[in-house]
Amino acid sequence: MKSTENYLLEKFGPLLFIGQLASLLDRSEGGLRWCLRQNGEMSKKFNPAKKKIGRRVYFRSALVAKVLDQDQADAD
């Protein structure tokens, strides 16, 4: 069984852009951008994974995998 991090690295590479993260979370890009700007639970989890390169915003696959794994562990 593949780990979440390995899956994300194989599918998206080391960095995800906002559209990839939105599709992974089954959200629209605009909705995800709005959630990440708010001072809520989702922004506190995913904003540390942000990496800005120039004007573009990416998310580190390894940190996104940790957030997803933590959420899954909390649900169990």
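Keep in mind that the numbers below use all heavy atoms, side chains included, and drop hydrogens, waters and symmetry copies. The shown structure was predicted, so the numbers you read here are calculated from the model rather than taken from an experiment.
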### Any residue meeting side chain to side chain donor-acceptor pair (under 3.5 Å) with Gln38, in chain and number order, not counting sequence neighbours
none
### Task
Check the hydrophobic clustering (I, L, V, M, F, W, Y; side-chain heavy atoms under 4.5 Å; chains of links allowed) and say if Leu63 and Leu68 are grouped together.
no
### Query
So which heavy atom on Leu36 is nearest to which on Met42, and how close?
CD2-O, 4.2 Å
### Task
Sequence neighbours left out, what passes side chain to side chain contact (heavy atoms under 4.5 Å, CB included) with Asn6? Give chain and number order.
Ser3
### Task
Apply side chain to side chain donor-acceptor pair (under 3.5 Å) to Glu29 and list each qualifying residue two or more places apart in sequence or on a separate chain.
none
### Task
State, with a plain yes or no, whether a side-chain heavy atom of Val64 is found less than 4.5 Å away from one of Phe12.
no
### Task
Hydrophobic side-chain clustering at under 4.5 Å (ILVMFWY, transitive links): who's grouped with Ile53? Put none if nobody.
Leu15, Phe17, Tyr58
### Query
Among all residues two or more places apart in sequence or in another chain, which pass the side chain to side chain donor-acceptor pair (under 3.5 Å) test with Thr4?
Asp69
### Query
Hey, are the side chains of Val57 and Ile18 touching, using non-hydrogen atoms and a 4.5 Å cut-off?
no
### Task
Quick one: name the residues clustered hydrophobically with Trp34, using the 4.5 Å side-chain heavy-atom rule over I, L, V, M, F, W, Y, and just say none if it's on its own.
none
### Qualifying salt bridge (charged side-chain N to carboxylate O under 4.0 Å, His left out) pairs, either residue in residues 51-66, two or more places apart
none
### Task
Report the distance from atom CG of Leu25 to atom CG of Leu16, rounding to the nearest 0.5 Å.
9.0 Å
### Task
Would you please name every residue forming a side chain to side chain contact (heavy atoms under 4.5 Å, CB included) with Leu9, sequence neighbours left out?
Glu5, Pro14, Ser61
## Note on the structure
Tightest non-hydrogen contact, residues Cys35 and Ser43, listed as O-CB, 3.6 Å
